[in-house]
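Here it is, the structure in full.
Naming convention: chains lettered A, B, ... in sequence-line order (proteins, then strands); numbering from 1 in each chain.
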Amino acid sequence: MKLSKMYAPTLKEAPGDAEVVSHKLLTRAGMIRKLTSGIYSYLPLGLKALNKVADIIREEMNRAGAQEVLMPMVQPGDLWRESGRWEVYGKELLRFEDRHGRDYCLGPTHEEVITDLVRGEVKSYRQLPLNLYQVQTKFRDEIRPRFGLMRGREFVMKDGYSFDRDEAGAEASYRGMYEAYQKAFSRLGMRFRAVEADSGPIGGSYSHEFMVLADTGEDTIAVCQGCEYAANLEKAEVKLAEAPTPASCPALEQVSTPGMHTVEEVAGFLKIAPARIVKTLLYMADGQPVAALVRGDRELNEVKFKNLLGVIDLTLATPEQVQAISGAPVGFAGPQGLKVTKLYADNELKLGNDWAAGANAADAHVLRLDLTRDAKLTGYAELRTITQDDPCPRCGGRIAFTKGIEVGHVFKLGLKYSKALNAKFLDEAGKEQLMVMGCYGIGVSRIVAACIEQNHDADGIRFPPPVAPFEAAVLSLGKAGDEVSAKAEEIYALLGRLGVETVLDDRDERPGVKFKDADLCGWPMQLTIGGKGLAEGVVEAKDRRTGEKSKLPLDGFAEAFAAWRRQVRAGWGLED
RNA sequence: CGGGAUGUGGCUCAGCCUGGUAGAGCGCUGCGUUCGGGACGCAGAGACCGCUGGUUCAAAUCCAGUCAUCCCGACCA
């Protein structure tokens, strides 16, 4: 492709509303333009990068035995009512009516549609297993879209679904997808990590997220330094320390703590460690008041709590609700005599006694709290979030936190949708069985952004060769019609014959502009054709990743280029 | 939904406080000189100053409303 004919308007300055580096660079490089909040157009170069990512994913999906389909973006509300998600999904589901007043929504995901598609046709165990996927535009009306392509409302996703006759089959499908994902992300040249993740109250036994490691990631992952364990913070298990059962303590004692709301304030006022305080968190779980207790220096893990309760909606109680539940303003709740339907304490609280806590009265706390004696616990459970001081739950080694961008998620759905939508088949015995489902997503457009978050410098993008819109760029420093530009055309044509996707910068621009744009757009291999080099009988080659420059002889150029290309790709950890 | 900020040629922004001819840089067009890391000169084109209403002799500027965009939060008692 010749740059002179390409619609790829580059910008010297990033638009004022772009914050993150991938958004700025994609815009500056003329790859995307924002239409409105969280919604972007892809220009030729951006679309090319997007398609490269999608094609690699397709190849790995097909190789793993999945088949590509394409489902509608507009979905009928009735189907969502059937699965029960019309009521549950919330405002992220963009709903509207057609001219007849019938309900529709823009698909944020396709479990309903795929299950509907399969249930009508698959009636026998002979037709299973089945694995279908699509690459399609999703719409989720995000509460706050941000970070350009990283969290858009409209985005391109690869979503796949497997149908198996039993749990063992589902397990095999899951593993197949897990491996396909590993391959795809490796081939894309990204640094990533598969981590254990929360599958939600509805999911099956477990799930994994694929995280691209980058400081700008929205997720935090806990990674063991000693073993293979890695998990999303919201999922990471906490290893309980060994300790003798604590002795009981003297009776409760109320103390005045005027205006002391937070753990820090109370700890400071009473001159005790925050770890000696029991923090009482009041929530509304599907409309019912519940409470969770964690140590004052710990964080409640809402995801764990929600899963434990098995509810759909869990929100922190409002000040009014806090007053009603505890009989005191916010900041003075304690576990004694709360008006809640469930009262859970974090496992760690088993290890101590003689706690301080709110007194359920304004401006007062209690001392000498014994949870077994003074509170009616529903039970103990793991409720807190892991910290970097906790040991690895597997091997006891050191845990470190890293930031990651979630680009893929595989999880077992089990029977949830097959049950709700009645997707059944007959087994060998002629007995009706529910299909066991799995679901597998990859954020295709997010990968493009994540890739840039991970690979950039002050000059612009450093695309891994498999993601780059063009693997190589030929920068012609000549003028139209002269010897230099003729040579550039020649090299460009040669690279085409070698099967290297190449862009030729034949624009009537000064060299500086071409160098700057080449770096900005992130062409992994840059070949400069200029008078200087030609006089020496060489083409100057630059590896965008390292910035390293080398000279490839015009004599035997094809071989020299091939060797250099292998070297560049090896630097990215890529084979072939 | 709460808090904060911003809307002025295609882009980045100044002007607004203190009302009176709409500015700069980049980009764009033409001509000339340049030509290996975002060149220079000259001449140009391009603006319902987000929208609606109000105050005023007069509004980009003051007031009210509204829309849009961005940031923080929407959880730790």
Handout entry: Distance, P atom - from B:C11 to B:C1, rounded to whole angstrom
Key =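 The same atom, P, in both gives a distance of 28 Å.
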Problem - Span that lies between the C1' atom of B:G53 and that of B:A47, in whole angstrom - result: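 Their C1' atoms lie roughly 22 Å apart.
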Exercise for the section: Would you mind classifying the nucleic acid contact of A:Glu264 as base, sugar-phosphate or nothing, using non-hydrogen atoms under 4.0 angstrom? Expected result: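 Sugar-phosphate contact only.
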Handout entry: Closest listed nucleotide, where the reference is the side chain of A:Tyr283 and the choices are B:C75, B:C72, B:A39
Key =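 When the side chain of A:Tyr283 is considered, B:C75 is the closest of B:C75, B:C72, B:A39.
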Practice task
Counting heavy atoms from C-beta on, name the nucleotide in B:G36, B:G38, B:A77 closest to the side chain of A:Leu281.
Solution key: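 Shortest atom-to-atom distance from the side chain points to B:A77.
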Exercise for the section: Check every strand shown and say whether A:Arg28 touches a base, only sugar-phosphate, or nothing at a heavy-atom separation below 4.0 Å. Expected result: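 It contacts base atoms.
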Exercise for the section: For A:Lys542, answer base if it contacts any base atom (sugar-phosphate contacts may also be present), sugar-phosphate if it contacts only those atoms, and nothing otherwise; contact means non-hydrogen atoms under 4.0 Å. Expected result: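 Result for A:Lys542 = base.
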Problem - Distance below 4.0 Å between A:Ser326 side-chain N/O and B:A77 OP1 or OP2 - result: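 For B:A77, OP1/OP2 do not have a side-chain N/O of A:Ser326 under 4.0 Å.
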Exercise for the section: May I ask you to check whether over 12 heavy atoms, not counting those of A:Glu483, lie within 6.0 Å of atom CD? Expected result: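 Count not over threshold, so no.
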Practice task
Consider the side chain of A:Leu477, meaning its heavy atoms from C-beta on, and name the nucleotide among B:G36, B:C70, B:C76 that approaches it most closely.
Solution key: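 Between B:G36, B:C70, B:C76, the one nearest the side chain of A:Leu477 would be B:G36.
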Exercise for the section: Find the partner of B:G2: check Watson-Crick (N1-N3 plus N6-O4 or O6-N4) and G-U wobble (N1-O2, O6-N3) distances, both under 3.5 Å, and reply none if neither fits. Expected result: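 Its partner is B:C72 (Watson-Crick or G-U wobble, both distances under 3.5 Å).
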Exercise for the section: Mind checking A:Gly296 for me? I need base, sugar-phosphate or nothing, with any heavy atom below 4.0 Å counting as a touch. Expected result: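 Here A:Gly296 touches no strand at all.
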Problem - Whole-Å P distance, B:A59 and B:U52 - result: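 Roughly 14 Å separates the two P atoms.
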Practice task
Answer with yes or no after comparing the ring centroid distance for A:His365 and A:Phe332 against a 6.0 Å cut-off, counting only values under it.
Solution key: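 When the ring centroids of A:His365 and A:Phe332 are compared, they turn out to be within the sub-6.0 Å range.
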Exercise for the section: Determine: side-chain N/O of A:Thr36 to OP1/OP2 of B:U69, distance under 4.0 Å, yes or no. Expected result: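 So the side chain of A:Thr36 is within the cut-off, an N or O lying under 4.0 Å from OP1 or OP2 of B:U69.
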Handout entry: Side-chain donor/acceptor of A:Glu509 to base of B:G38, under 3.5 Å
Key =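 Answer is no: no donor-acceptor pair is held.
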Handout entry: Distance between C1' atoms of B:C26 and B:G36 (Å, rounded)
Key =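 It comes out at 23 Å once rounded to the nearest Å.
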Do any N or O atoms of the protein come closer than 3.5 Å to N or O atoms of nucleotides 6-11 of chain B, and which pairs are they?
none

Exercise for the section: Counting Watson-Crick and G-U wobble pairs only, both distances under 3.5 Å, name the nucleotide matched with B:C62, or none. Expected result: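 Base partner found: B:G54.
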Practice task
From the options B:A39, B:G27, B:A77, select the nucleotide whose nearest atom is closest to the side chain of A:Leu282.
Solution key: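 Shortest atom-to-atom distance from the side chain points to B:A77.
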Practice task
Searching all strands shown, indicate the nucleotide that pairs with B:U12 (Watson-Crick or G-U wobble; both distances under 3.5 Å).
Solution key: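 Paired with B:U12, as far as the under-3.5 Å criterion goes, is B:A24.
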Practice task
Would you mind reading off the distance between A:Arg507 atom CZ and B:C35 atom P, rounded to a whole angstrom?
Solution key: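 Rounded to the whole Å, the gap is 20 Å.
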Problem - Short side-chain to backbone donor-acceptor contact, A:Arg33 and A:Thr27, under 3.5 Å - result: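 At least one qualifying donor-acceptor pair exists.
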Problem - Euclidean distance, atom CG of residue A:Leu475 to atom C1' of B:C35 [Å, nearest integer] - result: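 Atom CG in A:Leu475 sits about 15 Å away from atom C1' in B:C35.
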Handout entry: Earlier contact from the 5' end, RNA chain B, for A:Asp17 and A:Val322
Key =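 The residue mapped nearer the 5' terminus is A:Asp17.
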Practice task
State whether the side chain of A:Arg276 and the backbone N or O of A:Asn353 hold a donor-acceptor pair below 3.5 Å, judged by distance alone.
Solution key: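 At least one qualifying donor-acceptor pair exists.
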Practice task
Return yes if some donor-acceptor pair links the side-chain N/O of A:Tyr380 with the main-chain N/O of A:Glu348 below 3.5 Å, else return no.
Solution key: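 Side chain of A:Tyr380 to backbone of A:Glu348: no pair is present.
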Exercise for the section: Please determine, for the side chain of A:Arg146, which listed nucleotide (B:U34, B:G36, B:G73) has the closest atom? Expected result: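 So the side chain of A:Arg146 is nearest to B:G73.
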Practice task
Just call it for A:Gly331: base, sugar-phosphate, or nothing, with non-hydrogen atoms closer than 4.0 Å on any strand.
Solution key: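 Since a base atom lies under 4.0 Å of A:Gly331, the category is base.
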Exercise for the section: Take atom C1' in B:A60 and the same atom in B:U21, then report the distance between them in whole Å. Expected result: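 Rounded to whole Å, the distance is 14 Å.
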Exercise for the section: Name the pairing partner of B:A39, where a pair is Watson-Crick or G-U wobble with both distances under 3.5 Å, or state none. Expected result: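 Pairing partner: B:U33.
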Practice task
Could you check how far CG of A:Asp508 sits from P of B:C31, rounded to whole Å?
Solution key: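 Atom CG in A:Asp508 sits about 12 Å away from atom P in B:C31.
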Exercise for the section: Give a yes/no answer on whether the side chain of A:Lys12 brings an N or O atom under 4.0 Å of OP1 or OP2 in B:G27. Expected result: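 Affirmative; the distance criterion is met.
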Exercise for the section: Name the closest nucleotide to the A:Lys279 side chain, picking from B:C76, B:C35, B:G27. Expected result: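 The nucleotide sitting nearest to the side chain is B:C76.
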Handout entry: Base of B:G37 paired with side chain of A:Asp459 (donor-acceptor, under 3.5 Å)
Key =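 Between B:G37 and A:Asp459, which were checked side chain against base, a qualifying N/O pair under 3.5 Å is absent.
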Practice task
Considering only atom C1', compute the distance from B:G19 to B:U61 and round it to an integer number of Å.
Solution key: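 Taking atom C1' in both B:G19 and B:U61, they lie 6 Å apart.
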Problem - Pairwise P distance for B:G10 and B:A43, with rounding to whole Å - result: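 One P to the other, the span is 24 Å.
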Problem - Flag, side chain of A:Lys514 to backbone of A:Arg507, donor-acceptor distance under 3.5 Å - result: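 Yes: the side chain of A:Lys514 pairs with the backbone of A:Arg507.
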Problem - Rounded interatomic separation in angstrom, taking CZ from A:Phe515 and C1' from B:A39 - result: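 Roughly 15 Å, once rounded to whole Å.
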Practice task
Return the value, rounded to whole Å, for the distance between atom CD1 of A:Ile39 and atom C1' of B:C70.
Solution key: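 One finds 16 Å between C1' of B:C70 and CD1 of A:Ile39, rounded.
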Exercise for the section: Would you please name every residue forming a side-chain contact (heavy atoms from CB on, under 4.5 Å) with A:Arg462, sequence neighbours left out? Expected result: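 Applying side-chain contact (heavy atoms from CB on, under 4.5 Å) to A:Arg462 gives A:Asn455, A:Asp457, A:Arg544.
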Exercise for the section: Please state how far atom CZ in A:Arg153 lies from atom C1' in B:U69, giving the value in whole angstrom units. Expected result: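 These atoms are roughly 11 Å apart.
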Problem - P gap between B:G46 and B:A24, integer Å - result: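 Here B:G46 and B:A24 have their P atoms 15 Å from each other.
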Problem - Whole angstrom value for the distance that separates P of B:G73 from CD of A:Glu218 - result: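 Rounding to the nearest Å, CD of A:Glu218 and P of B:G73 are 11 Å apart.
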Exercise for the section: For A:Lys24, report the nucleic acid contact type (base, sugar-phosphate, nothing); a contact means any heavy atom under 4.0 Å. Expected result: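 No contact at all - A:Lys24 keeps every heavy atom at 4.0 Å or more from the nucleic acid.
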Practice task
Output yes when A:Lys235 and A:Glu209 qualify as a salt bridge under the 4.0 Å nitrogen-oxygen rule, no when they do not.
Solution key: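 Salt bridge flag = no for A:Glu209 with A:Lys235.
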Problem - Nearest-nucleotide pick for A:Thr10, side chain only, options being B:G38, B:G36, B:U69 - result: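 Among the listed nucleotides, the one closest to the side chain of A:Thr10 is B:G38.
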Handout entry: NZ/NE/NH1/NH2 to OD/OE distance under 4.0 Å, A:Glu471 and A:Arg565
Key =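 A salt bridge is present here (some side-chain N lies under 4.0 Å from a carboxylate O).
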Handout entry: Nucleotide nearest A:Arg510 (side chain, heavy atoms from C-beta), chosen from B:U34, B:C75, B:C76
Key =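 My answer, after comparing the listed nucleotides, is B:U34.
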Practice task
Examine the side chains of A:Asn301 and A:Glu382 and answer whether a donor and an acceptor come within less than 3.5 Å of each other.
Solution key: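 No pair is found: no donor N or O on one side chain lies under 3.5 Å from an acceptor on the other.
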Practice task
Verify the distance criterion only: is there a donor paired with an acceptor across the side chains of A:Glu453 and A:Thr216 at less than 3.5 Å?
Solution key: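 Yes, A:Thr216 and A:Glu453 have a side-chain donor paired with an acceptor closer than 3.5 Å.
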Handout entry: Out of B:G38, B:A77, B:C71, whichever nucleotide has its closest atom nearest the side chain of A:Val263
Key =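 Nearest to the side chain of A:Val263 among the choices is B:A77.
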Practice task
Looking at every strand, decide which applies to A:Ser37 at a 4.0 Å heavy-atom threshold: base, sugar-phosphate, or nothing.
Solution key: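 It contacts sugar-phosphate atoms only.
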Exercise for the section: Nearest-nucleotide wise, let me know which of A:Val294 and A:Asp517 is further upstream toward the 5' end of RNA chain B. Expected result: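 Per heavy-atom nearest nucleotide, the more 5' residue is A:Asp517.
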Exercise for the section: From the options B:G36, B:A74, B:C76, select the nucleotide whose nearest atom is closest to the side chain of A:Ile143. Expected result: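 Closest of the options to the side chain of A:Ile143: B:A74.
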Exercise for the section: Kindly say if A:Arg144 contacts the phosphate of B:C71, meaning a side-chain N or O under 4.0 Å from OP1 or OP2. Expected result: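 Checking B:C71 against A:Arg144, a side-chain N or O does come within under 4.0 Å of OP1 or OP2.
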Exercise for the section: Using atom CZ of A:Phe147 as one end and atom P of B:C71 as the other, report the distance to the nearest whole Å. Expected result: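 A:Phe147 atom CZ is separated from B:C71 atom P by 7 Å.
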Practice task
Taking only the side-chain nitrogens and oxygens of A:Lys34, find out if one of them lies under 4.0 Å from OP1 or OP2 of B:C70.
Solution key: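 For B:C70, OP1/OP2 do have a side-chain N/O of A:Lys34 under 4.0 Å.
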Problem - Side chain A:Asp390, main chain A:Thr387, donor-acceptor under 3.5 Å - result: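 Between the backbone of A:Thr387 and the side chain of A:Asp390 there is a qualifying donor-acceptor contact (under 3.5 Å).
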